[in-house]
There are 2 protein chains.
Amino acid sequence: MNDSGAVSGPDFRPLYAQVRELIIGRMLRGDWRPGDILPSEGRLAAEFGVSQGTVRKALDEMAAQNLVVRRQGLGTFIARHSQQHALFHFFHIRDERGVKELPTGRVLQLRQRKAERAEARRLDLPPRSAVWAMRRLRALRGKPVILERIALPAALFPGLELPLGRDLPDELYVLYQQRFGITVVRAEEKLRAVAADALDAKSLGVAEGTPLLEIDRLARGLDGRPVEWRLSRCNSAHHHYYSEIE
Amino acid sequence: MNDSGAVSGPDFRPLYAQVRELIIGRMLRGDWRPGDILPSEGRLAAEFGVSQGTVRKALDEMAAQNLVVRRQGLGTFIARHSQQHALFHFFHIRDERGVKELPTGRVLQLRQRKAERAEARRLDLPPRSAVWAMRRLRALRGKPVILERIALPAALFPGLELPLGRDLPDELYVLYQQRFGITVVRAEEKLRAVAADALDAKSLGVAEGTPLLEIDRLARGLDGRPVEWRLSRCNSAHHHYYSEIE
DNA sequence: CAGTGGTCTAGACCACTTA
DNA sequence: AAGTGGTCTAGACCACTGA
């Protein structure tokens with residue numbers, strides 16, 4: 001592997017891409033867990049039999065994807081979803097002035113049942129697999145703004161329990177990671193405008209028919225497999241969804 | 001500049017960041033225009049008095065931001081908004097199956113007038129500066145789906161003319177670049193759900209009060225200054241806004 | 001102080017493109 | 001064949017961190 005020509009061998013992927021996969025493989029196996037410090041670049045290079053520059057390129061890429069965090073003078077760490085980070089990254093609702101507020105979440109319902117057809121399809125599960133179905137109401141400045149319907153593959157979240165009916169400054173993704181070892185690394189969202197139905201209206205305190213912003217999010221784990229399907233309906237009267245294009 | 005210690009001098013920015021700025025400066029001055037090929041890494045390195053690796057790091061960053069396009073065996077080029085690229089990058093509306101369709105645009109109105117207060121504020125212009133005000137209707141598969149209100153600083157678009165009333169597969173950003181040398185490099189979007197007003201309803205062929213997806217976009221040029229403010233109202237009955245979070 | 005990542009350099013071979 | 005970016009290596013000095 002020291003000879004750069006070896007890259008043209010049976011495996012055509014660049015060395016740094018292979019290094020990256022080796023590291024992710026260890027994360028998936030649980031050898032390295034969120035918050036752990038990695039061996040230094042030099043040690044990793046020696047272990048994998050490549051140069052330090054190659055390890056560096058792999059780690060730089062992973063840092064750009066928020067998989068690891070690098071700190072000069074300290075080391076490289078497996079990224080951990082903090083309240084702050086998860087919020088910054090996955091919560092895109094802001095108020096009129098563009099300020100992000102800390103949302104609270106109140107779980108209204110949580111039960112295990114067989115997946116509906118749409119749920120099985122979106123989560124890439126066999127028909128009628130077991131799923132957790134959750135309903136949650138999120139508030140900003142104490143006012144209910146978002147009603148969420150969440151579906152989770154039950155197999156990934158054994159024994160899931162959550163306190164019902166209390167407003168908590170919870171980020172579910174922190175919980176997924178800490179209690180079940182599942183790290184959400186990316187998500188796809190589809191946004192629509194819809195009219196509030198009776199349940200939306202009651203939960204959010206608006207009139208039936210009020211335009212709401214619907215966010216359909218599929219979240220994926222380290223291995224790219226679906227981890228959560230979340231359908232949110234937001235009262236966008238005093239908030240909006242913020243997105244940057246670069 | 002050859003001595004790496006020089007970086008600790010009066011200018012604390014890394015060399016590759018300085019190289020990046022030198023290159024962007026030349027793009028802003030018009031020395032290098034969209035589509036132009038840059039000198040090779042080696043030549044740039046010699047010219048700037050740094051190593052090839054440092055130029056490479058600067059160019060790699062710029063490629064990641066779509067400012068340049070690198071092609072192995074060919075060279076590095078100043079990025080050009082093609083119809084395809086602008087669409088892929090800045091048009092986020094998709095149909096129910098997640099497929100992106102080619103939209104057409106019909107300019108309903110285009111005139112120059114004094115900026116309204118909100119326009120001046122968003123575009124960072126002095127009050128009552130001259131702006132172009134445009135109204136445009138965009139269709140997908142021949143059906144009107146998006147009504148846009150667009151404001152442009154008149155100073156940046158002298159003599160702007162557009163054919164009125166015809167459906168054209170136009171990307172305005174391609175036009176901005178080709179006719180006015182203005183390259184849109186990033187944009188900030190705020191999304192809300194709103195009820196269709198009388199004009200929306202008539203233009204989009206929906207009932208008044210129908211929930212519409214409103215997209216408030218501020219586009220910025222190479223130098224980071226606002227270039228366009230666009231307020232779009234979309235019928236999201238058969239389409240959605242797609243966004244990826246990584 | 002020793003160890004870490006951050007930056008910079010120099011030089012090698014490779015794959016790809018055009019001519 | 002010549003020139004380009006893509007990958008990989010080796011080694012240097014820097015700034016930052018914690019003990």
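Worth knowing before you read on, the calculation uses all heavy atoms, side chains too, and leaves out hydrogens, waters and symmetry mates. Computed from a prediction, not measured in an experiment: that's the story for all the values here. Below, chains carry the letters A, B, ... as their sequence lines are ordered, and counting in each starts from 1.
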Residues two or more places apart in sequence or in another chain: which of them pass salt bridge (Lys or Arg N to Asp or Glu O under 4.0 Å) with A:R94?
none
For B:D36, what residues pass the salt bridge (Lys or Arg N to Asp or Glu O under 4.0 Å) criterion, not counting sequence neighbours?
none
What is the distance, to the nearest angstrom, from the [atom1] atom on [X] to the [atom2] atom on [N]?
X: A:F48; N: D:dT9; atom1: CZ; atom2: C1'; answer: 17 Å
X: B:Q52; N: D:dC8; atom1: CD; atom2: P; answer: 16 Å
X: B:Q72; N: C:dC16; atom1: CD; atom2: P; answer: 6 Å
X: A:L15; N: C:dC13; atom1: CG; atom2: P; answer: 17 Å
X: A:R13; N: C:dA15; atom1: CZ; atom2: P; answer: 17 Å
X: B:L74; N: C:dT18; atom1: CG; atom2: P; answer: 5 Å

Can you tell me if the side-chain N/O atoms of [X] get under 4.0 Å from OP1 or OP2 in [N]?
X: A:T76; N: C:dG5; answer: yes
X: A:K57; N: D:dT7; answer: yes
X: B:Y16; N: C:dT7; answer: yes
X: B:T54; N: C:dT9; answer: yes

List for me each residue that meets ring pair (Phe, Tyr, Trp, His ring centres under 6.0 Å) alongside [X], sequence neighbours excluded, and say none if there are none.
X: A:H85; result: A:H81, A:H89
X: A:Y176; result: A:F157, A:Y173
X: B:H239; result: none

Partner of B:R136 by salt bridge (charged side-chain N to carboxylate O under 4.0 Å, His left out), out of B:E171, B:E228, B:E148:
B:E148
Per atom distances to the B:V50 side chain, the nearest of C:dG6, D:dT9, C:dT9 is C:dT9
Using a strict heavy-atom distance below 4.0 Å, which residues from residues 34-44 of chain B are in contact with DNA chain D?
B:S40, B:E41, B:R43
Indicate yes or no: at least one non-hydrogen side-chain atom of A:T183 is less than 4.5 angstrom from one of A:I78.
no
With sequence neighbours left out, the residues meeting side chain to side chain donor-acceptor pair (under 3.5 Å) with A:R225 are none
By side chain to side chain donor-acceptor pair (under 3.5 Å), which residues pair with B:R192, not counting sequence neighbours?
none
Any N or O donor-acceptor pair under 3.5 Å from the base of D:dG5 to the side chain of B:R56?
no
Between residues 58-71 of chain A and DNA chain C, which residues have a heavy-atom gap below 4.0 Å?
A:R70, A:R71
